[in-house]
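Below is one structure, written out as structure tokens; the observations come after it.
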Amino acid sequence: MNSLLAVVIGIITVYLAYTRYARRIDRNVIQSDPKRATPAVLYMDGVDFMPTNRNILFGYHFKSIAAAGPIVGAIVAGSLWGWFPALVWLVLGVSFMGWVSDYSAIVISVRNEGNSLSAVAHRLVSPRTRTLLFFFIFFYLLLLSGAFVGIMAQVMDSQPRTHLGMIMLVAMGLLLGQMLYRWRLGLLPATLITVGIVLLAILTGSFTEGMFKGLNEFLNSLTGGAPIVTYFDPTLAGFKGAEAKIMPSLLFWAIAICIFCYAGSVLPIWRMAQPVVYVGFWITALAMILGLLGASLGTLIKPEVAQFQIPAFKGWNPQLGPAGIMPLWPMLFVTIACGAISGWHALFGSVGTARQIENEADMLPVGAGSMFAEFLLGLLALLAVSVGAKGGSPVATFANGLGSFISVWGLPIEYATSLAFAAFIVIVLVVTQLIFRVMRVTLTEWLGEIMPPLRNQHLASLISVALAILLVLTGTWIYLWQLFGGANQLMAALSLLLVTVWLVSQGKSWVFAGLPMIFMYLTTVASILITAYNLYFNVTIPNIRAGRVLPVVGSGLMVLVAILLVMAALFIGVDGWRAFLKYRKRPSASPQAAPARG
């Protein structure tokens, strides 16, 4: 197997799934109508509701959903089970589930006046379901933010040559917002200036590497070289487990990342969040295009970077830590958390992208198209580990593998690897700020009436940031990652549950959403229970024996969150089943069509 053949498989998958399946569902089941006025047109306020060109919206939506999931997940899955199961799940998942979840979440919001999934659940199912969904979404986002902040902090701590590029990303994002919305500069010159400066900073990061290394050394000297937290990490030493440490420098970068995310959460979206996402999109797109084309041409030009080195299949239940179990089902399907299907996509699509859809004909290319693009990102990550790239961590493996693909174009390997590391941080960082923004809004809507101080955006944001840092300090990232992965895929299942109920209520065929929902619901509930088991026996017990309080408290809280998420999902599932049966007997009256355009 080589990377060229894998890229061809990816391209064929996208073409067939989009043209032969997705378009048929859009045409025959959803029946998107270009003449139907969308919420963005009806309720345009320039803040939340804003009709947006489909090409711009595609870039915004893709960069808002593409994060660490398809990268870390694909690399970990390839390392645990082999490249073949990971590739099969990526292909089948995106073809029959991933695009369905992304696209249908946008559809259900557009057809329900731009309402969020929680609001739709209140109307279609029950008020209790809305409350439970708020609870689920908040803790799901907490796991998501903790996993992403932890991974990024590790990369920033270990790769000081990337810091200049990240600082300039934030600075150029702020400048771009000023250029576009205050100085009224054209999009093309503003893009060339800001993206060009960020790329230059990424490629010249080696000039400031020594300065940031010195900063890390100074921070670590504040404790005399002693770690802040020591914990047992079952993912080290070839997944047999070993001690790991959190140093002051890692905590510093975690806090710095959270400060950036706090600013993105409370500042006007045009000031920071949107322009940073836009600049990040071009960095990501450049790295992906160069990487995929390099992986394809490498087979002919530089064969040593294109041949698969890891086994196609490693086993059904690889060992993880001293007592962990990792059965292929259900754990593979939550380890690759985004490249095949993702709840974050559905959540963000319903509360953000749906309110910017200018024309119903744009729902498919924006929703499904972005999911297929993220599938290619997951495929690129799987190729990086499959060709034998080494790095010690999934992120380093991705960067080294992607760097080798980019080097096919003649760029020196050290610069290509720097671009790959920076691309990863950009991919995750710009999404994490949006996660904290949605997390803050969810906390306010969920508990704001009961606890009025939470209506303050600053307090709600600070609480979200503090909880995420606490999760980072608990230690081992892989269980936090898999707990997030299970919660993320379960979020997708719950979104598909609401879509299924809505389709039945409208008298439409529900099978294309209902069957993926059933599979993902059963799979993710099982995976969360297994992750809780692994957390207890692989993290809590070893750290209790070592007398370490914080990892014990943190892992114990994660076990509790896992159980609570499963309980919330079970109640939502019962409510959804009852609503499904009710509408099967008597579909609701179809809502009045929105006024036609023009």
Side-chain angles (χ1 to χ4, degrees), residues 64-65 67-69 72-73 101-102 105 116-118 120-121 129-151 261 265 330 333-338 341-352 428 431-447 460 463-465 467-468 470-472 474 477 479-498 517 520-521 523-529 531-532 535 554 557-573 576:
S64 298
I65 63 174
V72 176
S101 175
D102 285 37
S116 66
L117 294 177
S118 299
V120 173
T129 302
R130 177 179 181 268
T131 302
L132 289 171
L133 201 55
F134 269 137
F135 170 85
F136 182 92
I137 289 173
F138 178 79
F139 282 100
Y140 152 66
L141 292 174
L142 175 60
L143 296 172
L144 184 61
S145 61
F148 284 6
V149 169
I151 291 172
C261 293
S265 174
F333 304 92
V334 301
T335 300
I336 300 180
C338 293
I341 182 173
S342 171
W344 165 249
H345 301 188
L347 182 61
F348 184 81
S350 67
V351 300
V428 182
V431 174
T432 305
Q433 64 166 340
L434 296 175
I435 292 170
F436 278 103
R437 196 177 188 95
V438 176
M439 193 174 175
R440 182 255 299 170
V441 172
T442 301
L443 182 61
T444 299
E445 292 184 1
W446 176 30
L447 298 176
I463 290 174
S464 302
V465 166
L467 290 173
L470 176 63
L471 278 185
V472 172
T474 60
W477 66 270
Y479 288 111
L480 182 57
W481 177 262
Q482 288 179 338
L483 192 52
F484 140 69
N488 184 57
Q489 309 299 64
L490 188 52
M491 181 70 239
L494 296 179
S495 170
L496 288 171
L497 174 62
L498 290 178
M517 177 269 295
M520 292 310 302
Y521 189 91
T523 297
T524 51
V525 168
S527 74
I528 291 175
L529 293 175
T531 302
L535 271 168
L557 287 175
M558 283 194 280
V559 171
L560 178 61
V561 169
I563 295 172
L564 291 175
L565 289 178
V566 169
M567 291 178 62
L570 292 176
F571 278 111
I572 294 172

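Everything quoted here is computed from the prediction, not taken from an experiment.
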Quick one: does Leu117's side chain get under 4.5 Å of Ser495's, heavy atoms only? yes

Here the gap from Tyr140 atom OH to Leu490 atom CG, rounded to the nearest 0.5 Å, amounts to 10.0 Å

Which distance, rounded to the nearest 0.5 Å, do you find between the OG of Ser464 and the CG of Leu142? 8.0 Å

Could I get the full list of ring-ring contact (aromatic ring centres under 6.0 Å, His included) partners for Phe139, not counting sequence neighbours? Phe135

Which residues pass the side chain to side chain donor-acceptor pair (under 3.5 Å) test with Thr523, sequence neighbours left out? Trp329

Side-chain donor/acceptor of Ser265 to backbone N/O of Cys261, under 3.5 Å: no

side-chain contact (heavy atoms from CB on, under 4.5 Å) evaluation trace for Trp344 with Met491: CA-CA 7 Å; Trp344 165 249; Met491 181 70 239; over 6 Å; no

Say you draw a straight line from OG of Ser116 to CD1 of Ile137; how long is it, rounded to the nearest 0.5 Å? 7.0 Å

Could you give the distance from CG (Leu560) to CG (Leu565), rounded to the nearest 0.5 Å? 9.5 Å

Atom CG in Leu143, atom CZ in Phe148: separation rounded to 0.5 Å? 11.0 Å

Tell me, please, which residues at least two apart from Val441 pass side-chain contact (heavy atoms from CB on, under 4.5 Å). Glu445

Qualifying residues under side-chain contact (heavy atoms from CB on, under 4.5 Å), relative to Met520, sequence neighbours excluded: Trp89, Met97, Ile341, Gln489, Ala493, Thr524

Nearest-0.5 Å distance, CD of residue Gln433 to CD1 of residue Ile435: 10.0 Å

Ile463: side-chain contact (heavy atoms from CB on, under 4.5 Å) partners, not counting sequence neighbours: Leu443, Leu454, Leu459, Leu467

Ser350: side chain to side chain donor-acceptor pair (under 3.5 Å) partners, not counting sequence neighbours: none

Is there a side-chain contact between Trp446 and Ser118 in this structure, where contact means two heavy atoms from C-beta onward sitting under 4.5 Å apart? no

Mark yes or no for whether Asp102, through its side chain, and His345, through its backbone, hold a donor-acceptor pair below 3.5 Å. no

side-chain contact (heavy atoms from CB on, under 4.5 Å) filter on Val149, not counting sequence neighbours, yields Ala254, Ile257, Cys258, Thr432, Phe436, Val472

